[in-house]
Novice: 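Below is a structure I'd like to ask you about.
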Amino acid sequence: MTAELVRGQNHPVSQNRVEIRVSAGTPVLALASLADEQGRLSGSEVLAHPGARSLPGVQAPAELADRHTFAVDLGAVAADVHRLGVLLVLPPGGPVRFGAVPASHVCVAAPDGGAEIAGYTLTGLDAESAVTALELYRRQGAWKVRAVGQGYADGLGALLADGGLPAPAARELAATVLGAVAPAQDTDVTLATLPTLAGDVGAPQPPAQTPAPAPTPPEPLPVSGTPYAGTPGPAPAGDGSPPTISYTHPRRRRTSSEPPEPAPRAAAAEPGQPPRPVAGDASGWSMDERLYNQVWGMFEDLARTVAAYRSAVEFADSRMDRELDDVLSDPRHRLGGSGNAARDTARARRDELVAQAQAVLDRDLVQLIAESEVVEPALPAAYARWDNPVWHGHRTPEEGPLALRLGDLHLAERPDLRIPMLVRLPLERGLWIDNGRTGSEAAMAMDTDRLRRAAMDMAVAHAVRLLAVHPADRFSVHVIDAAGAGAAALEPLVRAGVLAGPPAAGAAGVTRTLADLTRRVDLVQMALRAGAPEDLPADVDTAEQLLIVHDFPHGFDDRAVTQLRYLADEGAAVGVHLLMVADRDEASAYGPLLDPLWRSLMRLSPVPDNHLADPWVQHAWTFEPNLPPQGSRVLDQVLDRVAEARRTTRP
């Protein structure tokens, strides 16, 4: 039975030798791209096309046509190739956009005219002239096919540039490919006739449709890559626009000069069953990086499989509505029982489609849950939940981590499947923990005092984690608690003596703390511009700095607000990071002056809340904070180790 895929949906490919068949409504070029696990085109052979048809494991069609067949041997694909994409390109001299021609159909099938395994019809295209129809990709030692259906109005050159080729190389390769079929089109294809990439400096033009985040983030996961840090942050609640966060996967950077450790291989499975998941079964130069990339892959898989399920249900509902409308508008069904039979048939078709989609979703969720069960216990302290046993034996490290866990993410289809929300370090954006009740059903159902305490406990937990996963002298924490309302939550930090100084109280404390950190930002910026960071004054702390601001705007005047905005805008680049615990409604007196501040911060909630909007697949992810278990002493034990490490490293 053929699996009919919708955009974003995947399906297992259980045999190595397959055919990829293309049926287009107009003559097209059919190409195959080879990419690494991050989706990057690299090396000298990245494209199989009419001028160079054969690459290891794939044979591309020889000419321009409306029907094509690729011969693929997945067992012969190079080990460093993790994604094999099928590209369709409109040639010069023909239609200029896929929206003007009948929808193409692409399928994966058994070789030599065998049965189809999975198919996909590329609907919804408009201005695109080059599209990635589908891709075969490795996942835990097995191959899957994914329906992609995303493209670029500026053609093949833009598609290749977005895959990581430098702009000149992308344009040259596109010219070579189109030139191979130019005689049949009586068209002189040269570099000058190809679409020009923006600035000719390698920046791809925006695709006609939003492309799936290339696992290039992730340079976070999550869920805020970015989950991951370094991308525009969520709009603050109440500004009239839905908050969004980018989930693009960062490009992996080598973190060591040593050769990469071999990744563990997926455990063998029973015949016909998917391979059993293995923690660290992803690319990377260290185990931490492999686990980070694996968590990102889990997030991406959950996003895609749920998007495919929701799309299938929406399609089934819309088709049933159309069929019911047809029944009501047909006079023949107004008398007798034929109308009831037609309605029952329409509902039965809808239920069948939903059941098929549910079966695919359940299959994928079972695999993701199995992966989560082996990955979660293996995570290092920086990525781990507070109830993970790794904290019991944790010691202050000699190097800082790659990323930090802020909480968990889940979707309504399976709320017990939690994906760690990791943010890349050093923090490129500040954090805002919302202790207000506006805009959150969970917050509105909670007592105000309990909500404010939960927000401050969450801030303290983040501060402790940052201190614990950095070398003893690499992170300093400052606190502004002008009214002293956060004293109970701050007590563990004060008791352990790990703060840079006592929590600043009153207007004078606010002024002094902000002035000191502003001076540090100014001096470090000047030293870096002058190329002389070693000439900083002796009293400047070169460690990373975290400023926790509680109960804003109490104790702040206009000058202090200006300094706070300056730290939010300029501080992260020179190691000064902001963590606000605040209610935006209480600061409304400052009006639009504070809007840039709120927008620059990543909003988090101390209670489960679905405020993180995914612009790629339109999900509203539910964020759930991770705090130490009730009654646990893990925070105190970790702080004692941090304090001891600081005592032993002091000169």
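Atom set for the values below is all heavy atoms of this structure, side chains included, hydrogens, waters and symmetry mates excluded.
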Novice: Between atom CG of Leu499 and atom CD1 of Ile548, what is the distance when rounded to the nearest 0.5 Å?
Specialist: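 Between atom CG of Leu499 and atom CD1 of Ile548 there are 7.5 Å.
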Novice: Closest approach of Leu639 and Pro492, non-hydrogen atoms and distance?
Specialist: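 Answer, listing the atom of Leu639 first, then Pro492: CD1-O, 3.5 Å.
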Novice: Counting C-beta onward and ignoring hydrogens, is there a side-chain heavy-atom pair between Val561 and Pro553 closer than 4.5 Å?
Specialist: no
Novice: Ala412: what forms a side-chain contact (heavy atoms from CB on, under 4.5 Å) with it, not counting sequence neighbours?
Specialist: none
Novice: May I have all residue pairs that pass salt bridge (Lys or Arg N to Asp or Glu O under 4.0 Å) and include part of residues 368-385, sequence neighbours excluded?
Specialist: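 Counting only pairs at least two positions apart or across chains, the salt bridge (Lys or Arg N to Asp or Glu O under 4.0 Å) contacts touching residues 368-385 are Arg139-Glu371, Glu376-Arg405, Arg385-Asp387, Arg385-Asp408.
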Novice: So is Arg424 actually on top of Tyr292's ring, under 6.0 Å and inside 45° of the axis?
Specialist: yes
Novice: Taking the side chain as every heavy atom from C-beta outward, state whether Asp36 and Asp80 have any atom pair closer than 4.5 Å.
Specialist: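 No, every pair of side-chain atoms sits at 4.5 Å or beyond.
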Novice: Let's go through Leu406 and Leu422 carefully: what are the C-alpha distance in whole Å and the side-chain angles of both, what is the deciding distance for side-chain contact (heavy atoms from CB on, under 4.5 Å) to 0.1 Å, and is it a yes or a no?
Specialist: CA-CA 6 Å; Leu406 297 181; Leu422 305 180; over 6 Å; no
Novice: Shortest non-hydrogen contact from Ala560 to Leu514?
Specialist: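 Looking at all heavy atoms of both residues, the shortest contact is O-CD1, 3.5 Å.
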Novice: Check Val375 against Met298 and note the closest heavy-atom contact, atom names and distance.
Specialist: CG2-SD, 4.1 Å
Novice: Has Arg465 got a side-chain atom pairing as donor or acceptor with Ala381's backbone, closer than 3.5 angstrom?
Specialist: yes
Novice: Look at the side chain of Arg603 and the backbone N and O of Asp434, then say whether any donor-acceptor pair between them is shorter than 3.5 Å.
Specialist: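 A pair under 3.5 Å: no.
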Novice: One thing to verify: whether Asp301 and Lys144 come together as a salt bridge, which I'm taking to mean a side-chain N less than 4.0 angstrom from a carboxylate O.
Specialist: no
Novice: Under a 3.5 Å distance rule, please check whether Arg276 uses its side chain to pair with a backbone N or O of Ala370 as donor and acceptor.
Specialist: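 Absent.
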Novice: So do Pro606 and Leu451 actually touch side chain to side chain, heavy atoms under 4.5 Å?
Specialist: yes
Novice: Any idea which heavy atoms bring Ala572 and Leu427 closest together, and the distance?
Specialist: CB-O, 3.7 Å
Novice: Donor-acceptor pairs under 3.5 Å, side chain of residues 467-479 to any protein atom, not counting sequence neighbours: which ones?
Specialist:
unit_1, atom_1, unit_2, atom_2, d
His470, ND1, Leu466, O, 2.8
Ser476, OG, Asp541, OD2, 2.8
His478, NE2, Gln545, OE1, 2.5

Novice: Hey, could you give me the CH2/CG distance between Trp432 and Leu579, rounded to the nearest 0.5 Å?
Specialist: 12.5 Å
Novice: CD of Glu399 to CG of Asp288: how many Å apart, nearest 0.5 Å?
Specialist: 10.0 Å
Novice: Taking all non-hydrogen atoms of both residues, which atom of Gln294 and which atom of Gly280 are closest, and how far apart?
Specialist: OE1-N, 2.6 Å
Novice: According to side-chain contact (heavy atoms from CB on, under 4.5 Å), who are the partners of His410, at least two apart in sequence or on a separate chain?
Specialist: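 Pro415, Arg418, Thr622, Glu624.
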Novice: To the nearest 0.5 Å, what is the distance between CZ on Arg7 and CZ on Arg146?
Specialist: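 Between atom CZ of Arg7 and atom CZ of Arg146 there are 13.5 Å.
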Novice: Can you confirm whether Leu379 sits close enough to Val295 that some side-chain heavy atom of one is under 4.5 Å from a side-chain heavy atom of the other?
Specialist: yes
Novice: So do the side chains of Val574 and Glu570 get within less than 4.5 Å of each other, counting heavy atoms only?
Specialist: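 No, every pair of side-chain atoms sits at 4.5 Å or beyond.
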Novice: Under the rule for side-chain contact (heavy atoms from CB on, under 4.5 Å), what residues qualify as partners of Asp522, not counting sequence neighbours?
Specialist: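 Applying side-chain contact (heavy atoms from CB on, under 4.5 Å) to Asp522 gives Thr518, Gln525, Tyr566.
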Novice: Below 4.5 Å, heavy atoms only, C-beta onward: do Asn610 and Trp621 meet side chain to side chain?
Specialist: no
Novice: Kindly write out the residues that satisfy side-chain contact (heavy atoms from CB on, under 4.5 Å) with Arg453, not counting sequence neighbours, or none if the list is empty.
Specialist: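 Scan of Arg453 (side-chain contact (heavy atoms from CB on, under 4.5 Å), adjacent residues dropped) gives Asp457, Ala488, Ala489.
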Novice: Could you pull out the closest heavy-atom pair between Asn626 and Trp386, with the gap in Å?
Specialist: OD1-N, 3.0 Å
Novice: Does the side chain of His462 come within less than 4.5 Å of Leu546's, by heavy atoms?
Specialist: no
Novice: Take Tyr383 and Leu402 through the side-chain contact (heavy atoms from CB on, under 4.5 Å) test and state the conclusion after the steps.
Specialist: CA-CA 9 Å; Tyr383 307 171; Leu402 178 72; 3.4 Å; yes
Novice: Are more than 12 heavy atoms, taken from residues, nucleotides or ligands other than Glu398, located less than 6.0 Å from that residue's CD atom?
Specialist: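 At most 12 heavy atoms, drawn from other residues, nucleotides or ligands, come within 6.0 Å of this atom.
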Novice: Decide yes or no on side-chain contact (heavy atoms from CB on, under 4.5 Å) for Gln637 and His392, but give the supporting numbers first.
Specialist: CA-CA 8 Å; Gln637 293 169 353; His392 297 308; 4.1 Å; yes
Novice: Could you grab the distance from atom CG of Leu604 to atom CE of Met458, nearest 0.5 Å is fine?
Specialist: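 Answer rounded to 0.5 Å: 4.5 Å.
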Novice: Taking C-beta and beyond as the side chain, do Tyr309 and Asp364 meet within less than 4.5 Å on heavy atoms?
Specialist: no
Novice: Apply the test side-chain contact (heavy atoms from CB on, under 4.5 Å) to residues Leu302 and Leu409: give CA-CA distance (whole Å), side-chain angles for both, the deciding distance (0.1 Å), then the verdict.
Specialist: CA-CA 10 Å; Leu302 180 59; Leu409 296 162; over 6 Å; no
Novice: Measuring from Arg641:CZ to Thr396:OG1, what's the distance to the nearest 0.5 Å?
Specialist: 9.0 Å
Novice: Do Asp481 side-chain atoms and Gly486 backbone N/O form a donor-acceptor pair below 3.5 Å?
Specialist: yes
Novice: Between Arg452 (side chain only) and Val581 (backbone N and O only), is there a donor and an acceptor less than 3.5 Å apart?
Specialist: no
